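Single-structure report; data block below.
The model shown is predicted, which means the values in this text are computed figures rather than measured ones.
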Amino acid sequence: MSVFVKEKEVKRVIFNIDYELAERLERAKELSKKIGKKLDVDTTVNKALEKFIKKAEKKIADAEAFDIRITSSTANLPLARVLARQELLKARPPLAPVSFTVE
């Protein structure tokens, strides 16, 4: 058994949450202190953010996969890229239902 605590590198980030959730969290922290416990909010937030970031990264990767390279003189215009991406996404065929027959 180790006598030393492994320190994880952390970065303090400030973001907005719903007021009601913040109030409930503060109340839960106060109540847990009264019973001699400490809420593990950090682990919970880390897990939720990890799940959110994975979804965001997947959606971004999917969008980049369908990004088209514009070689005309408008290549540096952001609007041209957005319009080209929208046209490409419209042109994607919808997923067809698949059926299997077992004999």
Side-chain angles (χ1 to χ4, degrees):
M1 179 163 84
S2 177
V3 294
F4 299 107
V5 175
K6 269 190 160 178
E7 292 285 331
K8 283 179 90 176
E9 188 174 341
V10 296
K11 182 174 183 177
R12 185 169 296 272
V13 179
I14 298 173
F15 54 90
N16 297 328
I17 63 170
D18 184 66
Y19 183 81
E20 183 180 324
L21 286 174
E23 290 293 317
R24 289 171 56 198
L25 178 60
E26 290 300 316
R27 177 93 171 116
K29 282 182 177 181
E30 291 170 7
L31 292 173
S32 67
K33 281 183 183 178
K34 286 181 181 180
I35 61 171
K37 302 286 184 182
K38 182 178 178 186
L39 295 179
D40 188 8
V41 178
D42 294 342
T43 300
T44 304
V45 170
N46 286 338
K47 286 181 182 179
L49 283 173
E50 178 67 28
K51 186 176 177 181
F52 172 79
I53 291 168
K54 281 184 180 179
K55 282 184 181 180
E57 289 170 341
K58 184 178 182 328
K59 288 190 180 254
I60 291 167
D62 290 347
E64 287 175 345
F66 292 105
D67 189 14
I68 92 177
R69 305 284 178 219
I70 302 172
T71 57
S72 69
S73 61
T74 61
N76 293 328
L77 297 176
L79 180 58
R81 286 185 159 263
V82 170
L83 293 174
R85 181 177 292 135
Q86 287 175 347
E87 289 303 314
L88 182 62
L89 291 175
K90 284 181 196 173
R92 275 194 331 198
L95 296 174
V98 178
S99 62
F100 293 96
T101 305
V102 179
E103 295 179 16

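Atom CG in Asn46 sits 15.0 Å away from atom NZ in Lys51 (nearest 0.5 Å). One distance of note links CD of Glu20 with CD of Glu23; it measures 9.0 Å at 0.5 Å rounding. Here Ile60 contributes atom CD1 and Ile53 contributes atom CD1; the two are 10.0 Å apart, rounded to the nearest 0.5 Å. From Asp42, atom CG reaches atom NZ of Lys8 across 9.5 Å, with rounding to the nearest 0.5 Å. Here the CG-CG distance, from Leu25 to Asp18, works out to 12.0 Å after rounding to the nearest 0.5 Å.
By the criterion of side-chain heavy atoms lying less than 4.5 angstrom apart, applied directly or through intervening Ile, Leu, Val, Met, Phe, Trp or Tyr residues, Val41 is not grouped with Ile14; the two fall into different hydrophobic clusters. In terms of hydrophobic clustering, with Ile, Leu, Val, Met, Phe, Trp and Tyr side chains grouped at heavy-atom distances under 4.5 Å, Val45 and Tyr19 are assigned to different clusters.
The shortest distance between side-chain heavy atoms of Lys54 and Lys58 does not fall below 4.5 Å.
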Lys33 and Leu39: CA distance, side-chain angles, deciding distance, side-chain contact (heavy atoms from CB on, under 4.5 Å) verdict
CA-CA 9 Å; Lys33 281 183 183 178; Leu39 295 179; over 6 Å; no
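Side chains of Thr43 and Asp40: a donor-acceptor N/O pair is present below 3.5 angstrom, by distance only.
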